Asker: 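The structure that follows is given in the form of structure tokens.
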Amino acid sequence: FSESLLLAVLSGLVGVGLTLATLKVLESTGEGLVPRMGSVVVDAPVLGFSLGLALLTSLFFGLLPALRLSEPATGLRSGSGGSTRKAGKLGWNVLVGGQVGLAVSLVVASGLLLRSMGKILSAETNFRSEGVLAIGLDFSTDEATTRWERWANLTELKGELESLPGVGEVGFVSYLPHSRGMMTGTVFRPPLPVDGLPEHYVGDVGWRIVDEDYFRAMGIPLLRGRFFTREDLPNSPPVIILNEHLERALFSGEEAVGSPVGFDPFWRDTDLRVVGVVAGARDWRVPEGEQLEAYVFVGQRADYARVMTAVVRSEGDPADLFPSARERLRAVVPTVPGTLRT
């Protein structure tokens with residue numbers, strides 16, 4: 001019994017230690033992979049359950065055999081010893097068989113889980129999240145800020161962040177690629193009939209507001225055409241960039257760059273000109289080819305830029321930029337809440 005108790009407690013401590021180490025790894029590298037990851041903790045109830053399980057295990061597998069072996073002469077004197085031994089042997093065989101079966105099931109399930117995790121981590125998302133500092137900005141709390149003031153604040157903040165040592169590209173986006181909060185609409189090829197639907201249209205298309213450097217900062221490849229530029233002024237003809245999956249769905253293999261499209265309900269009566277096609281940056285939870293998206297320039301739709309995220313590409317560890325980035329943020333937009341994370 002003492003031996004079983006010692007083994008159970010030691011293995012329980014090892015298990016708790018492995019759990020703590022695994023949580024550390026998941027918290028640092030597995031953001032978004034595990035739902036409600038922030039609520040997973042090793043607290044007093046978990047430790048108490050682990051201790052209770054260790055005691056129960058040692059009691060069941062240590063004390064019962066010890067009691068059984070404590071009176072060996074009883075079985076020798078008993079005339080029914082043969083049947084007793086057979087029943088005991090059968091019981092232990094059932095326990096051992098169950099333990100082996102459970103262990104094999106756990107090994108198989110763990111192998112499948114690791115294979116699925118490997119596929120998730122190796123999935124091609126067409127953007128590079130490593131080495132990026134994301135600064136969430138919420139302008140909706142400041143109702144006095146106009147869209148032009150927001151555009152000016154973003155421009156000033158961009159310059160301040162670009163001046164930090166070790167910073168490469170800095171871009172802005174309304175929602176990051178793995179975010180589910182973006183707005184959706186219907187993209188169609190003009191003309192829009194008075195009644196009914198146009199001949200070529202795609203519904204439930206997600207759209208994001210970005211600046212001219214967002215795609216470079218996130219490492220999203222340009223496939224055709226160009227990115228947005230500062231020459232896409234608010235009073236210039238509105239422009240749009242499609243991802244490759246939306247281009248394929250809307251144009252069926254035809255050239256999209258230079259073509260007009262409509263966006264219902266946001267630009268229902270105004271055609272936007274397609275200036276570029278980018279790779280389909282996607283959330284790993286969405287199957288390849290099903291994340292249909294369009295991008296519009298923040299300089300032309302600053303009225304929708306109430307919630308934006310600055311994407312800062314760092315040459316080193318992005319966490320090292322936290323103090324200096326927070327200082328620049330407070331200097332430029334002191335009333336705007338900011339959330340910093342890698």
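Because the structure is predicted, anything quoted here is derived from the model rather than measured. The first residue in the sequence is number 1, and the count goes up from there.
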Asker: Is Lys158 paired with Asp213 through a side-chain N to carboxylate O contact shorter than 4.0 Å?
Answerer: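 Salt bridge between Asp213 and Lys158, a charged N being under 4.0 Å from a carboxylate O: yes.
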
Asker: Would Asp204 and Leu292 satisfy side-chain contact (heavy atoms from CB on, under 4.5 Å), going step by step from the backbone distance to the final call?
Answerer: CA-CA 8 Å; Asp204 198 27; Leu292 310 178; over 6 Å; no

Asker: Under 3.5 Å, is there a donor-acceptor pair between the side chain of Asn126 and the main chain of Gly280?
Answerer: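 Yes, Asn126 side chain to Gly280 backbone: donor-acceptor pair under 3.5 Å.
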
Asker: Closest heavy-atom contact between Thr309 and Gly136?
Answerer: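 Closest approach of Thr309 to Gly136, heavy atoms only: OG1-CA, 4.1 Å.
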
Asker: Between Tyr214 and Ile220, is any pair of side-chain heavy atoms under 4.5 Å apart?
Answerer: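 Touching, per the 4.5 Å side-chain cut-off.
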
Asker: Please step through side-chain contact (heavy atoms from CB on, under 4.5 Å) for the pair Leu329 and Ile135, ending with a clear verdict.
Answerer: CA-CA 9 Å; Leu329 180 64; Ile135 307 175; 4.0 Å; yes

Asker: Before giving the answer on side-chain contact (heavy atoms from CB on, under 4.5 Å), spell out for Val277 and Asn243 the whole-Å C-alpha distance, their side-chain angles and the decisive distance to 0.1 Å.
Answerer: CA-CA 5 Å; Val277 177; Asn243 76 356; over 6 Å; no

Asker: Between Asp43 and Val46, is there a donor-acceptor pair closer than 3.5 Å when you use the side chain of the first and the backbone of the second?
Answerer: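 Looks like yes, one N/O pair under 3.5 Å.
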
Asker: Sort out for me which residue in Leu164, Leu161, Val167 forms a side chain to side chain contact (heavy atoms under 4.5 Å, CB included) with Ser324.
Answerer: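 Among Leu164, Leu161, Val167, the one meeting side chain to side chain contact (heavy atoms under 4.5 Å, CB included) with Ser324 is Leu164.
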
Asker: Could you pull out all residues at least two apart from Arg189 that satisfy salt bridge (charged side-chain N to carboxylate O under 4.0 Å, His left out)?
Answerer: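 Partners of Arg189 by the salt bridge (charged side-chain N to carboxylate O under 4.0 Å, His left out) criterion, ordered by chain and then number, come out as Glu254.
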
Asker: Check whether Arg128 reaches the backbone of Met218 with its side chain - one donor and one acceptor, N or O, closer than 3.5 Å.
Answerer: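 Pair absent, no side-chain N/O of Arg128 close to backbone of Met218.
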
Asker: Hey, what do you get for CH2 (Trp151) to CE (Met308), rounding to the nearest 0.5 Å?
Answerer: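 Nearest 0.5 Å value for the CH2-CE distance: 8.5 Å.
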
Asker: Identify which one of Phe172, Phe215, Tyr175 satisfies the ring-ring contact (aromatic ring centres under 6.0 Å, His included) criterion when paired with Tyr295.
Answerer: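 Between Tyr295 and the candidates, ring-ring contact (aromatic ring centres under 6.0 Å, His included) is satisfied uniquely by Phe215.
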
Asker: Where the side chain of Arg150 meets the backbone of Ala302, is there a donor-acceptor pair that is under 3.5 Å apart?
Answerer: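 Side chain of Arg150 to backbone of Ala302: a pair is present.
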
Asker: List the steps, then state whether side-chain contact (heavy atoms from CB on, under 4.5 Å) holds for Leu157 with Leu137.
Answerer: CA-CA 11 Å; Leu157 181 60; Leu137 305 170; 3.7 Å; yes

Asker: Using every non-hydrogen atom in the two residues, find where Val336 and Asp138 come nearest and quote the distance to one decimal.
Answerer: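 So the minimum-distance heavy-atom pair works out to CG1-O, 3.5 Å.
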
Asker: I'd like to know if the side chain of Arg306 pairs up with that of Ser174 as donor and acceptor (distance under 3.5 Å, no hydrogens or angles considered).
Answerer: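 No, because no side-chain N or O of Arg306 sits under 3.5 Å from a partner of the opposite role on Ser174.
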
Asker: So which residues get pulled into Leu53's cluster when ILVMFWY side chains under 4.5 Å apart are joined, directly or through others?
Answerer: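 Answer for Leu53: Phe49.
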
Asker: Establish, yes or no, whether a centroid distance under 6.0 Å links the rings of Tyr201 and Phe188.
Answerer: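 Centroid distance Tyr201-Phe188: not below 6.0 Å, so no.
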
Asker: At their closest point, which heavy atom of Pro318 faces which heavy atom of Thr342, and how far apart are they?
Answerer: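 Taking every non-hydrogen atom into account, CG-CG2, 3.9 Å.
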
Asker: Just to verify, which of Glu244, His245, Arg208 counts as forming a side chain to side chain contact (heavy atoms under 4.5 Å, CB included) with Glu293?
Answerer: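 Testing Glu293 for a side chain to side chain contact (heavy atoms under 4.5 Å, CB included) against Glu244, His245, Arg208 leaves exactly one candidate, Arg208.
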
Asker: For Arg273, enumerate each residue passing the side-chain hydrogen bond (donor to acceptor under 3.5 Å, both in side chains) test, keeping only those at least two apart in sequence or located in another chain.
Answerer: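 Partners of Arg273 under the side-chain hydrogen bond (donor to acceptor under 3.5 Å, both in side chains) test: none.
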
Asker: Is the shortest side-chain N to carboxylate O distance from Asp232 to Arg230 below 4.0 Å?
Answerer: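 No, no charged N to carboxylate O under 4.0 Å.
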
Asker: For the backbone of Gly171 and the side chain of Arg216, can you confirm whether one donor and one acceptor N or O come within less than 3.5 Å of each other?
Answerer: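 No.
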
Asker: For Tyr304, which of Phe139, Trp207, Phe263 qualifies under ring-ring contact (aromatic ring centres under 6.0 Å, His included)?
Answerer: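 The ring-ring contact (aromatic ring centres under 6.0 Å, His included) with Tyr304 is passed solely by Trp207 among Phe139, Trp207, Phe263.
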
